[in-house]
*Asks:* 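The structure's right below; bear with me while I get my questions together.
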Amino acid sequence: MRRRTLTAPLPVLNRMLSQKDAAMNLFTQIRTLVIETLNAMQAEGALPEGLDFANVAVEPPRDPLHGDMATNAAMVLAKPAKMKPRDIADALATRLGNDPRVVSAEVAGPGFLNLRLDADLWHGVLRTALKQGTAYGRSDMGQNKRVNVEYVSANPTGPMHVGHTRGAVFGDALASLLDYVGYDVTREYYINDGGAQVDVLARSVYLRYLEAHGQEVAFPEGTYPGEYLVEVGAALKDKVGGAYVDQPEEVWLQEVRVYSTDAMMDLIRGDLKALGVEMDVFYSEKSLYGTGRIEAALKALDAKGLIYRGTLEPPKGKLPEDWEPREQTLFKSTDYGDDVDRPVQKSDGGWTYFAPDIAYHFDKIERGFDMLIDVFGADHGGYVKRMKAAVAALSDNRVPLDVKLTQLVKLYKNGEPFKMSKRAGTFVTLRDVVDQVGRDVTRFHMLTRKNDAPLDFDFDKVMEQSKDNPVFYVNYANARVHSVLRKAAEAGMTFTDADLAAADLSGVTHEAELTLAKKIAEWPRLVEIAGRTNEPHRIAFYLYELASDFHALWNRGNDTPELRFLQEGNTDATSAKIALAKATSVVISAGLGILGVTPAKEMR
RNA sequence: GCACCCAUAGCUCAGCUGGAUAGAGCGCUGCCCUCCGAAGGCAGAGGCCGUAGGUUCGAAUCCUACUGGGUGCACCA
């Protein structure tokens, strides 16, 4: 059966190869062809038995002049097969050349095999994109595994600021990306409402409450003087009247804590909404206290012999002033790759912040997730190892935890650094950013950099309508497609995607057109790479390249009328050209959808 | 002192589970356009991928050691 694939007619081949790969990813299709051919070669004795084809790759060549796709098969197999790479490559080339999809197969360099593919394959890609719409590129790579993406998790002590914004956008895009490649994704926010910072919040709100009662108040060190608490204090006054005035903390602290965190979470939910982020779960840290959850998690670790009483060595090189040896309850995280064991209980018997975090991740494991992802700010980098250790220990290495760190956002205004200072009140919040530049621009721009690289955000530049601005450039490409569709309709030509998918595309042959089609063919592959690496920024970069190829073709139309999408008075030719344009738009829409950006149909 | 992240063109950055002559934008140089297919186009110069070793048929990519930057380092979250 496998050998027959070499001589089977094209439609049969396509059907056979497409079943598993859903026919969407041309690269995996061709890779399958290569593997099948290698199998056939083994059966014929042209290759020794027992070779591992896992490292055989089919990739786009760096230089398009080399062809459409390249495979490293000969080089990877040369050693285990005890053959010369050229010999394998030659034999493989001859056989692949017999496949109707392969126009030419040439050996190059040290043993690369460069393939040129029949133009109809690229046309097929366009048809697939038009038929499947924004589902084109979806993958079953995730096998419906359940993944929990925890992101934002800002302390409920104030509005979200720019740093949170990046984490929110990144986490949200990552979650969408994973959904797109076939994971069952839960978006989750961990509310840090259990620690001492909530007491600080409560006291700050209390001061605003007194202020609402006409008292003169001062905000000592260690309280939050932010204006945003004024209305919370006033609202508290409306609720309880003068009940807490001049009362000791025992009377009001618990109540005000709850009241304040609720108010802050309302604020944060509003911020998230403004950014278009919708969480599936808000998980309260506080809910872990006094419910036995923390104790249960630590007991699970204890059962594995990972909890003990001990005294840590002082950190070398930089001894804290008030250092003194202290016996604590420790988690033996060094068994799982951490540098030192970590305390879970303070000397006064209370939990450290790490304890509820362990319990929280234990809870995620118990909820049955196959994979966990935490998105933290880069300043929490030192926390990664212990968290991974805890998850590894609690799940017996079954549940992988990937921690993604987001680097700083540096703000600029017209090229000048924009200094932030909480004291001076120039504290830039998520709302400031979204209100000024809009949700889409914010989201896209936040993803134009790898998560662990610092990001420049210039309020003016991100709004610029020019090629220099990726947000604009990508949207502009999409707008141009829709402009063509509108113009075509004015000229009496309207096309549904089904019309376009059924159109005769044999006229789409120009190099600039095929370049664009090939870029569209790369989309499913790119998505899988981005999904595998948990790197949504790759989507943004790809979209920029796709837009660039589209604009290049568009510009060619200025000099070469045959390359214009709109061919006056020629419905057939126009439908083929527009199929290409619309397929581009489909991919842009799919990509922007993952990033959480609304594709623009026109520029204003 | 230790750990983690980073180091690629003058600047800001991409670079796929290791692949061919390392890419993009800005800036620079030259040419073209100033046409609503508009918010420019085309071309060119520009690189010891921080340094030194190692693994490999093959390294910007993996390993080791350095150098330089960022972050974090017991009872704060």
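A note on names: the letters A, B, ... follow the listed sequences, proteins ahead of strands, and every chain is numbered from 1.
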*Asks:* If a pair means Watson-Crick or G-U wobble with both distances below 3.5 Å, what does RNA chain B look like in dot-bracket form, with | marking bases paired to a different strand?
*Replies:* (((((.(..((((.....[...)))).(((((.......))))).....(((((..]....)))))).)))))....
*Asks:* Flag yes if more than 12 heavy atoms outside Glu464(A) fall under 6.0 Å of its CD atom; otherwise flag no.
*Replies:*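 Correct, the count exceeds 12.
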*Asks:* Please measure how far the P atom in G68(B) lies from the corresponding atom in C26(B), and state the result in whole Å.
*Replies:*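 Taking atom P in both G68(B) and C26(B), they lie 35 Å apart.
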*Asks:* Reckon Lys346(A) has a side-chain N or O less than 4.0 Å from the OP1 or OP2 of A77(B)?
*Replies:*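 Indeed, a polar side-chain atom of Lys346(A) lies that close.
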*Asks:* According to salt bridge (charged side-chain N to carboxylate O under 4.0 Å, His left out), does anything in residues 194-204 of chain A pair up with another residue at least two apart or in another chain? List the pairs.
*Replies:*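 Matches after skipping sequence neighbours: Asp199(A)-Arg257(A), Arg203(A)-Glu249(A).
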*Asks:* Between Gly111(A) and Ala74(A), what is the shortest heavy-atom contact and its length?
*Replies:*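 Between these two residues, the closest heavy atoms are O-CB, 3.6 Å.
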*Asks:* Work out how far the P atom of U64(B) is from that of C2(B), and round it to whole angstrom.
*Replies:*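 To the nearest whole Å, 15 Å.
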*Asks:* I want to confirm an ordering. Mapping Gln197(A) and Asp468(A) to their closest nucleotides on RNA chain B, which one lands closer to the 5' end?
*Replies:*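 Checking each residue's closest nucleotide, the 5'-ward one belongs to Asp468(A).
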*Asks:* Say whether Ser284(A) and Asp193(A), considering side chains only, have a donor N or O and an acceptor N or O under 3.5 Å apart.
*Replies:*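 Short answer, yes.
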*Asks:* Let me know the distance between CD1 of Ile294(A) and P of A77(B), rounded to the nearest Å.
*Replies:*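 Spelled out: CD1 on Ile294(A) to P on A77(B) is 11 Å.
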*Asks:* Using atom OH of Tyr473(A) as one end and atom P of A24(B) as the other, report the distance to the nearest whole Å.
*Replies:*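 Result: 12 Å.
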*Asks:* In this structure, how many angstroms lie between the P atom of A39(B) and the CG atom of Asn478(A), rounded?
*Replies:*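 Nearest whole value for this atom pair: 17 Å.
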*Asks:* Can you name the closest pair of heavy atoms from Phe495(A) and Ser575(A) and give their distance?
*Replies:*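 Smallest interatomic distance, heavy atoms only, reads CE2-CB, 3.4 Å.
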*Asks:* Counting only heavy atoms from other residues, nucleotides and ligands, does the tally under 6.0 Å from NZ of Lys413(A) exceed 12?
*Replies:*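 Correct, the count exceeds 12.
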*Asks:* Give the residues of residues 328-342 of chain A touching RNA chain B, defined as any heavy atom closer than 4.0 Å, sorted by residue number.
*Replies:*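 RNA chain B contact set from residues 328-342 of chain A: Gln328(A), Asp339(A).
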*Asks:* For a quick test of reading the model: is some side-chain N or O of Lys467(A) closer than 4.0 Å to OP1 or OP2 of A24(B)?
*Replies:*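 It does not, given that no N or O in the side chain of Lys467(A) lies less than 4.0 Å from OP1 or OP2 of A24(B).
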*Asks:* Does the distance from a Lys or Arg side-chain N to an Asp or Glu carboxylate O, for Lys518(A) and Asp68(A), drop under 4.0 Å?
*Replies:*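 Result for this pair is yes, salt bridge flagged.
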*Asks:* Does Tyr283(A) have any ring-ring contact (aromatic ring centres under 6.0 Å, His included) partners at least two apart in sequence or in another chain, and if so, which?
*Replies:*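 Tyr283(A): ring-ring contact (aromatic ring centres under 6.0 Å, His included) contacts with Tyr360(A).
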*Asks:* Of all residues at least two apart in sequence or in a different chain, which pass the ring-ring contact (aromatic ring centres under 6.0 Å, His included) check with Phe457(A)?
*Replies:*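 With neighbours one apart ignored, the set is His445(A), Phe459(A).
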*Asks:* I'd like to check the salt bridge (charged side-chain N to carboxylate O under 4.0 Å, His left out) partners of Arg342(A); sequence neighbours left out, ordered by chain and number.
*Replies:*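 Counting only residues at least two positions away or on another chain, Arg342(A) forms a salt bridge (charged side-chain N to carboxylate O under 4.0 Å, His left out) with Asp338(A).
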*Asks:* Taking 4.0 Å as the cut-off, does a side-chain nitrogen or oxygen of Lys385(A) come that near to OP1 or OP2 on A3(B)?
*Replies:*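 It does not, given that no N or O in the side chain of Lys385(A) lies less than 4.0 Å from OP1 or OP2 of A3(B).
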*Asks:* Less than 4.5 Å apart, any side-chain heavy atom of Leu553(A) and any of Leu580(A)?
*Replies:*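 They are in side-chain contact.
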*Asks:* When rounded to the nearest Å, what value does the distance between P atoms of A14(B) and A24(B) take?
*Replies:*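 Looking at atom P only, A14(B) and A24(B) are 16 Å apart.
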*Asks:* Could you check how far CZ of Phe472(A) sits from P of A39(B), rounded to whole Å?
*Replies:*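 Between P of A39(B) and CZ of Phe472(A): 8 Å.
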*Asks:* Just by protein heavy atoms under 4.0 Å, how would nucleotides 6-21 of chain B read 5' to 3' in B, S and -?
*Replies:* S-----SSSSBB-BB-
*Asks:* Do His361(A) and Asp374(A) have a side chain donor and acceptor closer than 3.5 Å?
*Replies:*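 Checked: His361(A)/Asp374(A) side chains pair up, N/O donor to acceptor below 3.5 Å.
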*Asks:* In this structure, how many angstroms lie between the P atom of C57(B) and the NZ atom of Lys84(A), rounded?
*Replies:*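 About 16 Å, once rounded to whole Å.
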*Asks:* Taking only the P atom of each, what is the distance from U71(B) to C66(B) in whole angstrom?
*Replies:*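 Those two atoms are separated by 22 Å.
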*Asks:* How close do Leu174(A) and Asn534(A) get, counting heavy atoms only, and between which atoms?
*Replies:*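 It is CD1-CA, 3.6 Å.
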*Asks:* Figure out the CE/C1' separation between Met387(A) and G72(B), and round it to whole Å.
*Replies:*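 The distance from CE of Met387(A) to C1' of G72(B) comes to 17 Å, rounded to the nearest Å.
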*Asks:* For A22(B) and C13(B), measure between their C1' atoms and round to the nearest Å.
*Replies:*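 It comes out at 14 Å once rounded to the nearest Å.
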*Asks:* Nucleotides 33-38 of chain B: which of its N/O atoms have a protein N/O under 3.5 Å away?
*Replies:*
{"from": "G37(B)", "atom 1": "OP2", "to": "Lys487(A)", "atom 2": "NZ", "distance (Å)": "3.2"}
{"from": "G37(B)", "atom 1": "O2'", "to": "Asn558(A)", "atom 2": "OD1", "distance (Å)": "2.2"}
{"from": "G37(B)", "atom 1": "O6", "to": "Phe565(A)", "atom 2": "N", "distance (Å)": "3.4"}
{"from": "G37(B)", "atom 1": "O6", "to": "Leu566(A)", "atom 2": "N", "distance (Å)": "3.1"}
{"from": "G37(B)", "atom 1": "N1", "to": "Phe565(A)", "atom 2": "N", "distance (Å)": "3.2"}
{"from": "G37(B)", "atom 1": "N2", "to": "Trp554(A)", "atom 2": "O", "distance (Å)": "3.2"}
{"from": "G37(B)", "atom 1": "N3", "to": "Trp554(A)", "atom 2": "NE1", "distance (Å)": "3.4"}
{"from": "A38(B)", "atom 1": "OP2", "to": "Arg480(A)", "atom 2": "NH2", "distance (Å)": "3.1"}
{"from": "A38(B)", "atom 1": "OP2", "to": "Trp554(A)", "atom 2": "NE1", "distance (Å)": "2.9"}

*Asks:* Can you confirm whether the side chains of Asn478(A) and Ser585(A) place a donor and an acceptor under 3.5 Å from each other?
*Replies:*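 Note: Asn478(A) and Ser585(A) side chains meet the donor-acceptor criterion.
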*Asks:* Using whole Å, report how far NE2 of His551(A) lies from C1' of C42(B).
*Replies:*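 Going from His551(A) (NE2) to C42(B) (C1'), I get 16 Å.
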*Asks:* P atom, C49(B) versus U8(B): distance in rounded Å?
*Replies:*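 Those two atoms are separated by 11 Å.
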*Asks:* Extract all donor-acceptor atom pairs below 3.5 Å that involve side chains of residues 480-488 of chain A and protein atoms in other chains or at least two apart in sequence.
*Replies:*
{"from": "Arg480(A)", "atom 1": "NE", "to": "Tyr476(A)", "atom 2": "OH", "distance (Å)": "3.4"}
{"from": "Arg480(A)", "atom 1": "NH1", "to": "His551(A)", "atom 2": "ND1", "distance (Å)": "3.0"}
{"from": "Arg480(A)", "atom 1": "NH2", "to": "Tyr476(A)", "atom 2": "OH", "distance (Å)": "3.2"}
{"from": "Arg486(A)", "atom 1": "NH1", "to": "Lys601(A)", "atom 2": "O", "distance (Å)": "3.2"}

*Asks:* Could you give the CG-to-P distance, from Leu201(A) to A77(B), as a whole number of Å?
*Replies:*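 After rounding, the reported distance stands at 15 Å.
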*Asks:* Distances under 3.5 Å between protein N/O atoms and the N/O atoms of nucleotides 62-71 of chain B, please, pair by pair.
*Replies:*
{"from": "U71(B)", "atom 1": "O2'", "to": "Ala378(A)", "atom 2": "O", "distance (Å)": "3.3"}

*Asks:* Taking only residues two or more places apart in sequence or in another chain, which ones pass ring-ring contact (aromatic ring centres under 6.0 Å, His included) with Phe112(A)?
*Replies:*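 Counting only residues at least two positions away or on another chain, Phe112(A) forms no ring-ring contact (aromatic ring centres under 6.0 Å, His included).
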*Asks:* Taking only distance into account, with no hydrogens and no angle test, what donor-acceptor pairs under 3.5 Å do side-chain atoms of residues 152-159 of chain A form with protein atoms, sequence neighbours excluded?
*Replies:*
{"from": "Ser153(A)", "atom 1": "OG", "to": "Glu150(A)", "atom 2": "OE2", "distance (Å)": "2.9"}
{"from": "Ser153(A)", "atom 1": "OG", "to": "Tyr190(A)", "atom 2": "N", "distance (Å)": "3.0"}

*Asks:* Describe the nucleic acid contact of Ser347(A) in one word from base, sugar-phosphate, nothing, applying a heavy-atom distance below 4.0 Å.
*Replies:*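 Base contact - Ser347(A) has a heavy atom under 4.0 Å of at least one base atom.
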*Asks:* Just verifying a value: how many Å separate Tyr308(A) OH and Lys332(A) NZ, rounded to the nearest 0.5 Å?
*Replies:*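 Tyr308(A) atom OH to Lys332(A) atom NZ measures 5.5 Å (nearest 0.5 Å).
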*Asks:* With a non-hydrogen cut-off below 4.0 angstrom, is Gln465(A) in contact with a base, only sugar-phosphate, or nothing?
*Replies:*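 Base: the residue Gln465(A), judged by heavy atoms under 4.0 Å, touches a nucleobase.
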